[in-house]
Each structure stands twice: as structure tokens, then as C-alpha cells.
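To start, the structure itself, in C-alpha cells.
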Amino acid sequence: VAFLAACEPIEGADAPCHGCGFEADVEANVLLQVKAGRLRLKWPSSQASCIRYSFTFPLTSNGKAFDTFTLRLYNVDTLATASRPTVSWPLGTKVWSDSYAEAASGDYGGAIGAGFDQYAIYYQGFSRWPVAKRNGIAKVNATVSGFFANAAYFSLQLVYRSGKEGVSMVEYFASSFAASETLGVFAKPNPFIAGNLTVLTYKDQGKCSADAANGESSLTSFAPASLLQATTRGRHNKPSSASAGCKDANTQVYRLSADLTAAVLGDSAPGVCSNAYLVSLADGLVAKHRDLNLRRFMDVFNFSWGFIRMKVPFVFNNSGEEIYKGAYSADNLGGYDVNYWSVSANVFHRDIDPNMPYTVNALMMRQEGMMTSDGHSYVLFAPMEFVPNMTALNLTTPPKVYVPKLGVSAYVLAAPSFAFVFRYKLSSAHWAGSPGNVPCAASFVSLNSSAANCATLGVWAPQITRLGEGDDVVVESLGQLASIVS
């Protein structure tokens, strides 16, 4: 999860973070020089073709002691570049969830409950210092380091806890990290700052990462073909806030409230709504929290047959781009609407788990034959017994069907029993489709005031249409469903 595009100090921190105060100036200067043709970027040589990151943070912040960190990698292209980070005393690390390795073994358990994105890897760090003594290390810092992974989104979330003060969280995007060459001696341009070379250009990055793991990496042999073959087409249309032609569907989509953001450790400071998630809630959420009577405060659905219509954002294609473009703005029209976008169909843990691919991301939706002439793509959903399980064919992406009325193909997901989760990783503040443009509700009891629809997101609002509920439409097969979509 992610909400910081630039480096910000932790409130009450005892030590500064790397790069604060000059990263924005460096980025602006590089962009100006590249546009003016005065700066020639030098591709990494074979003698120094690996790039490292490091980030140092205090073990106490504003009276709270460090508890855990999460290193998140989304859409990892060259999986050999992903490795568990190195940490300084008194930290330890573990693999929290490696969705790629799990999918390769036929396990899609990341779809259960709040779940994980199918195209992500999560590393978790923790303090080995006894809980009772953590507040006594106010002057101690810790460092997380390793090799940059070739990912569309890369961030570090820190969680601090106190028995009296509760939890505080802060997230740092990879542009905040210090960058250096292989031996950590010479500075290198950070690959997640606009105008700089991407990790893709460091041809030995996978070898360096594997060597650092002392042969323990198991990520060298599996990569979903659909992601590696994604097109490198540029922006389809200029970002627009216009709601003309936008018609709301029959299913509510919400921005997470501030209390739900804190409950799921979303990418935001306490008391603030996450701008990285939108959700559409299913019956399983009500079953999990029967005591809250959630139907009083929000719309909850029994998903069966239907489809999602989505104007596809312009995202970072880390498998094909050698120069990082940065966020879209009036001064950077070629920048990204959002670094990474996806939709996942999550299941209630007490229901039958279909154990099949459950996530579709923007690069998949931008492939040839998937997008209409006006920049829309579709995801169909159906009861799990009607969705072919592609794992039998050693495929780790959802099946596709042809939609004749639109002349495009669409991915098919098993209908969720917990929620549809839309992930927006590092949205541009200038993009009209950012969840940050949806009003923030302090509590879930006011969630109906945080609807993501035509009024708040215009044409960028994800629109979910459920069929067979009040419309006299009876759907009995995927082919019939595809023939209805228009």
C-alpha cells in the first residue's frame, strides 16, 4: 500500500530520512534538462550494472516504538531482481506473501479476506528487541537495504505502536530511498525519480540480487507471460475530469473510511482515508462482522453474474520502459496517472475458495485486443463453477472471453464473496481518477458519503453492473454473459 510520492519525515522522528529536502529539486532539474536536451543519460556499463537502495529510520517516533515494516513490490517483471531485504540490528525479516511463487505452486490463497494482490510480493520486518524495552531505544536507528527490484511500485511502510497512544503508520515510496552502485560507494540516480533510468536498464540486477541472497532466492524461474508481453503503448487519452457520458451502474464502490484504513494498515497516516483503495463490498463482510450490522451504513451485494467497465489509466510499464516518467501533471503530460492499478475478487474465508487467479491489472487490460477505441476495458465475473480454472494449463492469469458487441476480449474472475478491491498505487495528485478525489469519511458508519461514482471521479469511476437483479436478465453461461455486455 502506498501514499507518499515524495519523501516526508516521520512525525516526531529522532533522525531524518534519506533525501528529504532535495529530492523534489533534483527531479524538477532532471526533467528540465532532459526536455531541453542538455542532459544525456548514461546507460549502466557491464562493470557496474547493479543498483542498490537503503533507507534509515528511527526505532521510536512521536513516543511510539517501531513494531513492523512492510516492503511492497507490485508487478515484479524480472522476478530474479526481487529478494528479501537486508536489515540492521535489531530487526529481522520474513517473506509475508510471495504471490508469484504461490501461483506457481497452484496456491491462490491471497484472495481470502482483505487479501493480497496476485501480482505482488510482500516482505515483512520486525523488531527483535523485547517489547517492554522498545521505548528505551530513542536514539537508535535501523536500516533496510537491498537491490532495487524491477517493479511498477516499490514502497516501505513503517508501523509504530504504543499501548496508550495506539498505532501510527507512514509509507515511503522508493523515490525516497538512497541509491548507490553495487558496492554501495558511489551515488546512482534513483530509478523511481522522473527522468532517471529504470531498473530494467541494469542488466545484471537479477544476478546481483540472487548472489546477495546466497542462492536462497526461488524467484528466478516464474513470470506470468501476460505481464511480460504487455504493450508499451503510451497514454490513450489525456486525463479528464469530465463526467459527460458517464452513467452510474447499479453497484456502489467506496473509498475506505479513515477507521477502515487504520484497521487494514492502509497506506495513510492515522485519521486519514487511504487514497490507494476503492472497494465494493459483498455479503461475506457482513457475515464476518455480524455484530456491526453493516447493512445499516453501506450497500453490500451478493455478486453472481456481471461485469466491470473501467477506463484504463496510464501506468508505469516496468517491463518495457527504460526512462521513468514520473507522475502526470500539467508540466509532465507524459507522466503516469498511477504507477500500478488492479482489481481483485476476494472471497470470505468461510466460503469455498475457488483457488484460481483473482487479479487483473492495468497492463493486462492495455494489451492488444483488450481495450475499446475510447480507452475502456472490461472484466467479467461469474459464479466460480462457471469460470475455467487456468491452473490446469499452467497459466496463472484469469481466462478471457470475446465480447462480440464491443469487439474486444475481457478477463473473467470468479464472483467475490468478500469484496472487489481496486488498488491505486501512487496516483498522481493531478489525475481526476485518483481515489483522493472521493470524499473521506471518518468512520464506516458514514461510508455512503464516500462513493466513487460519476460525480466524484467522472469517466474514471470503475462501474460494476450486476445482472439478474431486478432486470429480468437470466444468465446461465459465460458465452451468454459475454453476448450481453455492451
Side-chain angles (χ1 to χ4, degrees), residues 1-5 51 53 70-83 97-100 103 110 116-123 146-157 171-177 190-202 205-206 209 219 223-235 267 275-277 310 312-328 334-344 359-367 377 396-397 421-428 431 433-434:
V1 268
F3 91 114
L4 282 182
I51 184 168
Y53 68 87
T70 303
L71 198 68
R72 290 172 168 86
L73 313 175
Y74 285 85
N75 193 38
V76 182
D77 177 6
T78 307
L79 291 174
T81 63
S83 61
S97 175
D98 178 356
S99 298
Y100 293 97
F116 302 97
D117 188 287
Q118 187 187 321
Y119 306 108
I121 299 174
Y122 305 79
Y123 298 108
F147 289 93
F148 279 102
N150 185 13
Y153 178 83
F154 187 9
S155 73
L156 176 69
Q157 181 189 49
E171 184 121 3
Y172 296 95
F173 180 54
S175 60
S176 305
F177 300 170
N190 186 303
F192 288 96
I193 291 179
N196 287 348
L197 299 175
T198 64
V199 177
L200 180 67
T201 62
Y202 293 84
Q205 194 74 356
S209 182
L219 307 174
S226 64
L227 301 187
L228 302 182
Q229 295 170 1
T231 66
T232 56
R233 288 183 291 172
R235 181 181 299 285
D267 56 325
N275 65 358
Y277 297 97
M310 178 71 194
V312 186
F314 182 48
V315 298
F316 174 33
N317 183 356
N318 54 299
S319 67
E321 297 182 37
E322 295 188 331
I323 302 295
Y324 184 73
K325 296 182 177 68
Y328 165 81
Y336 313 117
D337 298 330
V338 57
N339 266 50
Y340 179 80
W341 181 93
S342 71
V343 56
S344 296
T359 299
V360 176
N361 64 38
L363 284 181
M364 296 164 68
M365 298 171 83
R366 290 177 66 86
Q367 289 178 304
S377 189
T396 57
T397 53
V421 179
F422 299 88
R423 286 177 169 83
Y424 295 71
K425 297 301 173 180
L426 200 63
S427 298
S428 165
W431 177 45
S434 169

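Since this is a predicted model, take the numbers as computed values, not measurements.
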If you compare all heavy atoms of Val199 against all heavy atoms of Ala149, which two are closest, and at what distance to 0.1 Å? CG2-O, 3.7 Å
Do Thr397 and Met364 have side chains that get closer than 4.5 Å, going by heavy atoms? yes
Could you grab the distance from atom OG of Ser83 to atom OH of Tyr123, nearest 0.5 Å is fine? 6.0 Å
Rounded distance [0.5 Å steps], CG in Asn150 versus CD in Gln205: 8.5 Å
Indicate the ring-plane relationship of Tyr100 and Tyr119, choosing parallel, tilted or perpendicular according to the 30° and 60° boundaries. tilted
Pair Tyr122-Gln157, side-chain donor/acceptor within less than 3.5 Å: no
By side-chain hydrogen bond (donor to acceptor under 3.5 Å, both in side chains), Ser428 pairs with (sequence neighbours left out) none
Write down the atom of Phe116, the atom of Ser99, and the distance for their closest heavy-atom approach. CB-OG, 4.4 Å
Nearest 0.5 Å, what's the CG-OG distance between Leu363 and Ser319? 6.5 Å
Ala152 and Asn339: which non-hydrogen atoms are nearest, and at how many Å? O-ND2, 2.9 Å
Donor-acceptor under 3.5 Å (Ser434 side chain, Trp431 main chain): no
Please list, chain by chain and in numerical order, all residues satisfying side-chain hydrogen bond (donor to acceptor under 3.5 Å, both in side chains) with Ser377, sequence neighbours excluded. none
Parallel under 30°, tilted from 30 to 60°, perpendicular over 60°: which one fits the rings of Tyr424 and Trp341? perpendicular
Do Phe177 and Leu156 pass the side chain to side chain contact (heavy atoms under 4.5 Å, CB included) test, and can you show the C-alpha distance, the side-chain angles, and the key distance before you say yes or no? CA-CA 9 Å; Phe177 300 170; Leu156 176 69; 3.9 Å; yes
Working to the nearest 0.5 angstrom, can you tell me the gap between Ile51 CD1 and Leu197 CG? 8.5 Å
If you take all heavy atoms of Val76 and Leu73, which pair is closest and at what distance? CG2-CB, 3.7 Å
Under 3.5 Å, is there a donor-acceptor pair between the side chain of Gln118 and the main chain of Thr359? yes
With a 3.5 Å cut-off and no angle check, do the side chains of Asn190 and Asn196 form a donor-acceptor pair? no
Quick one: closest heavy-atom pair of Ala194 and Lys325, and the distance? CB-O, 3.6 Å
Ser342 and Asp117 side chains, donor-acceptor separation under 3.5 Å: yes
Once you measure the plane-to-plane angle for Phe173 and Tyr324, does it fall in the parallel (<30°), tilted (30-60°) or perpendicular (>60°) bin? tilted
Okay, side chain of Asn75, backbone of Asn318: is any donor-acceptor separation there less than 3.5 Å? no
Closer than 3.5 angstrom, by distance alone: can the side chain of Asp337 be matched with the main-chain N or O of Phe314 as a donor-acceptor pair? yes
Mind checking the CZ-CD1 spacing from Phe154 to Ile121? Nearest 0.5 Å is all I need. 10.5 Å
Of Tyr74, Tyr336, Tyr340, the one forming a ring pair (Phe, Tyr, Trp, His ring centres under 6.0 Å) with Phe316 is Tyr336
Less than 6.0 angstrom separating the ring centers of Tyr53 and Phe148, yes or no? yes
Minimum heavy-atom separation for Gly320 and Leu200, please, with both atom names. C-CD2, 3.8 Å
